[in-house]
Amino acid sequence: MSPSPERIGKQEFSFFLNGEAVRVQALSMERLLDVLRMELGLTGAKEGCGEGECGSCSVLINGELVNSCLVPIAQVSGARVTTIEGLALHQKLHPLQEAFLECGGAQCGICTPGMILASVHLLDKHPKPTLEQIKDGLSGNLCRCTGYMQIFEAVRKAAYGESSR
Amino acid sequence: MRADPREYQLVLADNLQATAALLAEEPGKWTPIAGGTDLMVLYAAGKLPARNLVSIWDLPELRGIEVAPEVLRIGAACTYSDLQKQEIVKGEFAMLAQAASWTGGVANQNRGTLGGNIANASPAADSLPALLAYDATLEIYSVRGVRQIPYSEFHLGYKKHALAPDELIRTICLPRKAKGTVSYCRKVGARNAQAISKVCIAGLARVANGVIEEVRIGMGSVAPVPQRLKKTEQELLGKRVGRELIEMAKRTVREQIQPIDDIRSTSEYRSTVAVNLVAEFVQKLCVEA
Amino acid sequence: MGEAGLTERHIIGMAVPRKEGRDKVTGRARYVDDMTLPGMIYGATVRSTIPRGKIKKINFGQGIPWNELVVVSASDIPCKNCIALILEDQPCLADGVVNHPEEPILLLAHEDRYLLRKAVDAVTIEYEGLAALLVMEESESKKEIVWGADNVFKSYLIEKGDVDSVWENAAHIVEGEYRTGAQEQLYIENNGVIATYNAEAGVTVWGSLQCPYYVNKALMALFGLPEQEVRVVQMETGGAFGGKEEYPSMISAHAALLAKKSGRPVKIIYDRAEDMAATTKRHPSRTRHRTAVDANGKILGGEIEIVMDGGAYATLSSVVLSRGTIHAGGPYYWPHVRIRAKAVATNTPPHGAFRGFGAPQTIFAMERHMDRIARAVGVSPIEIRKRNFLKTGMTTITEQEIREEIDLGGLLDRAAGLSKYEEKKRDFNTAKNGQKKGMGIAAFLHGSGFTGSGERYLNSVVGVEGLVDGSVRVLVSSAEFGQGTNTVLCQVAAEELAIPYELVAIAQPDTTVVPNSGPTVASRTAMIVGKLVQAAARGLKQTLVGAGLLRETYTPGEFRAACQDFVSTHGELKSYSRYDAPPGIYWDDAKYKGEAYSAFAWAVYIAEVVVDPVTYGVSVEDFVALQEIGKVLHPLLAEGQITGGVAQAIGFALYEKIAWQGGRMANNQMTNYIMPTSVDLPLIRVFFEEKGNVHGAHGAKGIGELPMDGPAPAIVNAIEDAIRIRFDSIPVLPEDIFRATNMRPSA
């Protein structure tokens, strides 16, 4: 058990958020999730569990899916962060967002930002995924509403231009 | 969030040497943090006693995977995703790639590191049985230089390991002697993903002319530390594969493990499943011999 | 399209876009934790650590600047210290006595949420422990009385025919006892609320909730305020499933009390650990069957005894028990039956609403019992059900006559075909070694809407409003929490008014804006509230026609113009419709007899499972969910309700177990409370039949809860088929299968 540090105040951290350079004043051990939601006003990432189990806080860091509730802001310096707010371009929805709408992939919507980013990441790695790959890619994102079926449809639709119907 | 960020600090050192110097300044003051998939969970629960953290996430010395003729050297901060991408890992150390795919979902695999899995020293950690089966060696780094320790000697007791307060794991070395071996690994959890293991096995054997020439079996979640089933290994060594060998192997398992009842499972279940997994391993040797 | 008549429009039955869908996929949807107010501070709750006892002393520990904290106790409650629901037995804050672990005792608030956390941890309470009852058997024994005179929240007795006469002619008497455990709703968004208070306007709360008017009623009683001084606004709600039916009244009361005392807006958001440990769960149950059947397996009659564990306070136990009791006979004909049911008190956090609301518990028992009867008689699970199914003209256990055309035998045959039941069962039974596979059936029903006179009592009101720009707005207190309320009710209004779906919006539920259309529960919204939306829309149209602004048939453009005209002239165009009970429906509350529900949805579910001989784990390989639901109002939403409900019920059957320690949930983390992930479920195959329903909008029946009832017994029936071991208690974990396999003479 080590002694407490003297109160180290906030420091400035800079990184790229949805394509733009940002600077925040934050404590080094503030979670990226909290910095996004409270300092930067981006509330798309949600806290569902605080322990990296539900994935509703998922964002992309340098194109890789991570649980932002487990990332201290000090480790984000210089990185490229993408949140759900950064997906749609000039009012035009990302194909996955369109697909989620068309296929019923969002019900209550709380898991949706994380689920869509996980799907973005999945299609980035596997542009034409099998059902197994879709299931595996989304296994870290819990959905209590859909039973996942229509989420799989949405990913298939975005990848192949049509669902299985 | 049950911790107060004002009571913690996270610093980034420039390189491995500077990190070691910091650890040596006041031994025990600083705790290295890589991807945070263990430490940040404790932190958010208000259960992280370590207040001063030094990030080893981005240190290039800890990130590489180096292929040498006799040994594969994996930087301790290699993530589970990194491991799964490496052809040589998938080819020669498939059980490690497999274990990496079991640990959490994709997001946690992108942040969780092999060194972190070792240093966190949970007996339920997914990659540790594979490291035992592959006979790994750890390179430990500090201001005093580098020392080597067989991985099998790393764990001293439940969540206690052989690192001095100013040391960190730099490299995991896997001897490239798995060619021609048969391997079998399996994790049993409460569900198919995002599950802490109830029992986990990684077994490796070399069979020639139906006789077992070499065998190592690592098992997790059945003792305070990840366990080599040495008794079983001794019984299998030099024997001919067959039905009787499976039954004999099964009989050796229970006395080597001390599984517990806990919030996830029961000791009886774990014991029996451990026996079943060993049987499946030996069965695989029979089939593939 | 020109002069399009109603019959040519296609909004009902179409997969129109979810009204709030775009906000949800772009991250713009606003849930309560996404909202802040100027000057807002945070609130937190100090809770009991023991199951039962007297509070002797409250210590405020060192190191906290207590003078900065707002502290609220029971003595700060202005009017009644209770969360008014059906009874008024549940205190808002414990006053000298605690009756369950996690019972709220004190409330704290501060602008620094990290300091707040430390302050909560710094409060230590000394208790004088009292003997506590932790399971239902202890409560039944009455070794302690912890509630009322006899620990019983409610009991029911249903008697049909003359049960005592059936035993002597029975070819078989089959007995069984079936148990279900508590289940956590596990909405991904934890409970949360923001409250403000001022002397003129009263209380305002913004919350994650299902029933704005329940919260309104509870806060009125707590504060002694009139209805219009308690404003409740529903924010986007991240899942509810019943878990936000009554609990929001408690958390809203807490935030409002802190707001009153501090003069600041107060936000309380639970973290997962607190939400799981402290809020309501599904009632654990025990159902005993004793059934007389003839030589062909036809039910002659029987006795059913149901006990549900309600936790420490009554909350909704009487209604959960009611629904469980009424569904206890399944979709079968009982010429004679006696059902004794009771809900009992234990010193655990009060249980509450969770999708299915008592029916999953008793239907689990009934469908396991049917397979037991089948085995006793020597008949297949399909045959036993066919011989006992209700048919048109027969009466249910409450003597409600089935007036609709139903063919449950045909439904079962269709499900069997879709699942390849016969072939697979044959193949599995002849397979030699390796993995054990099995097939299992569940046939069941679910009543839509409130039981008996419930809808009459709710007396729901719905409004449809024309706006100055010619668009239309639906005014209901029915909450959207993923199931599609917003979308379906706008579809209904648009269809009725013969205008485009895009021209209809729905108001955010705000008790100062919308009337009370009843709680968003009981699978009533599409069917009952939908029908009221139709009526209110019709009224709006008639107002415009009556004002000479619209002909009987019109184009959407003409409608808009008429609407704009009317509102510009009169300032407002609102049409309201109130629930009118269908004639000829009678219900006897004392005898629990009569028309329990205005409609039943019917279903047959079939599960294929495989049991792993190495790990004893069960995997569901295929799942067929076939149901008759009156009318599919929106194909995607309807299918989504079924797949989501089936997934939750698979969790109920195989994964979700509360580890109780001293009356408290010890596995209150997502790591240790296991719900299915994307790789734990089969493809859930959903099929609908639509036979209409005179009492529902466009013939719709309720479907929200139906899918929760069938999967668990279908799966456990399949496990028995696979490994010939009978499990009568859920969840069935690998450890349970291992233990049972181990106990058999030849494993």
Side-chain angles (χ1 to χ4, degrees), chain B residues 1-8 37-38 41-47 101-102 104-108 122 124 184 186-201 246 250 259 261-284, chain C residues 33 42 44 63 112-121 269 271-274 434 612-620 650-651 654-661 665-682 731 733-743 747:
Chain B
M1 229 298 261
R2 299 191 179 204
D4 185 347
R6 291 170 301 208
E7 293 174 0
Y8 295 79
T37 54
D38 285 318
V41 176
L42 288 174
Y43 168 66
K47 297 199 172 114
S101 75
W102 287 332
V106 169
N108 288 340
S122 164
Y184 161 86
R186 190 161 179 186
K187 168 182 174 176
V188 179
R191 59 186 173 192
N192 292 333
Q194 303 252 100
I196 298 181
S197 97
K198 297 181 184 179
V199 192
C200 184
I201 187 175
I246 299 175
K250 283 166 74 169
D261 291 332
D262 67 9
I263 207 156
R264 278 180 284 279
S265 188
T266 65
S267 127
E268 270 309 301
Y269 173 82
R270 288 173 156 129
S271 277
T272 301
V273 173
V275 170
N276 292 348
L277 292 175
V278 168
E280 258 200 344
F281 168 55
V282 183
Q283 165 83 352
K284 187 172 184 190
Chain C
D33 195 25
Y42 298 94
D112 178 340
R113 62 194 183 123
Y114 302 119
L115 172 65
L116 182 63
R117 184 74 240 161
K118 291 199 194 74
V120 171
D121 292 339
I269 307 283
D271 66 12
R272 184 59 61 182
E274 180 173 20
D612 186 320
V614 170
T615 67
Y616 309 96
V618 177
S619 182
V620 182
I650 290 177
L654 297 176
Y655 296 100
E656 297 180 40
K657 185 165 188 154
I658 314 280
W660 294 107
Q661 278 173 21
M665 180 182 185
N667 58 331
N668 57 326
Q669 293 168 273
M670 280 215 186
T671 313
N672 288 325
Y673 180 81
I674 306 295
M675 71 159 262
T677 68
S678 59
V679 289
D680 294 302
L681 297 167
L733 302 180
E735 285 78 1
D736 300 315
I737 295 186
F738 155 69
R739 196 179 310 117
T741 317
N742 231 37
M743 286 176 350

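Numbered from 1 within each chain, the chains take letters A, B, ... in sequence-line order. Model, not experiment: these values are computed from the prediction.
You'll find the side chain of C:Asn667 stays beyond 4.5 Å of the side chain of B:Arg264, heavy atoms only. The closest side-chain heavy-atom distance from C:Tyr114 to B:Met1 is below 4.5 Å. The shortest side-chain heavy-atom distance between B:Arg2 and C:Glu274 falls under the 4.5 Å cut-off. Residues B:Tyr269 and C:Thr615 form a side-chain contact, since some pair of their non-hydrogen atoms from C-beta on lies under 4.5 Å apart. By the 4.5 Å heavy-atom criterion applied to side chains, B:Gln194 and C:Met670 are not counted as neighbours. For the pair C:Lys118 and B:Asp4, the minimum side-chain heavy-atom distance is below 4.5 Å.
Contacts between B:Ala3 and chain C at a heavy-atom distance below 4.5 Å involve the backbone alone (N, CA, C, O). The parts of C:Ala666 that come within reach of chain B are both its backbone and its side chain, each placing non-hydrogen atoms under 4.5 angstrom from that chain. C:Asp680 touches chain B through backbone and side chain together, each having a heavy atom under 4.5 Å away. Contacts of B:Arg270 with chain C are absent, with no heavy-atom separation under 4.5 Å from either backbone or side chain. Using a 4.5 Å cut-off between heavy atoms, B:Glu268 contacts chain C through both its backbone and its side chain. Looking at B:Val188, the atoms closer than 4.5 Å to chain C (heavy atoms on both sides) all sit in the side chain, from C-beta outward.
Ranking C:Gln669, C:Gln661, C:Met675 against chain B, the residue ahead of the rest is C:Met675, based on heavy-atom pairs under 4.5 Å. Chosen from C:Val614, C:Leu654, C:Val679, C:Thr671, the residue pairing most often with chain B at heavy-atom distances under 4.5 Å is C:Val614. Annotation: maximal heavy-atom pairing with chain C below 4.5 Å, among B:Ile263, B:Val41, B:Asn192, B:Thr272, occurs at B:Asn192.
Minimum interatomic distance between C:Pro613 and B:Asn276 (heavy atoms only, all atoms of both residues): O-ND2, 3.7 Å.
In this structure, a donor-acceptor pair under 3.5 Å is present between the side chains of B:Ser265 and C:Glu735.
For the pair C:Asp112 and B:Arg6, the salt-bridge criterion is met [side-chain N within less than 4.0 Å of a carboxylate O].
Taking a 6.0 Å sphere around NZ of C:Lys657, one finds it holds 12 or fewer heavy atoms contributed by other residues, nucleotides or ligands.
Here C:Asp121 pairs with C:Arg117 under the side-chain contact (heavy atoms from CB on, under 4.5 Å) rule; sequence neighbours left out.
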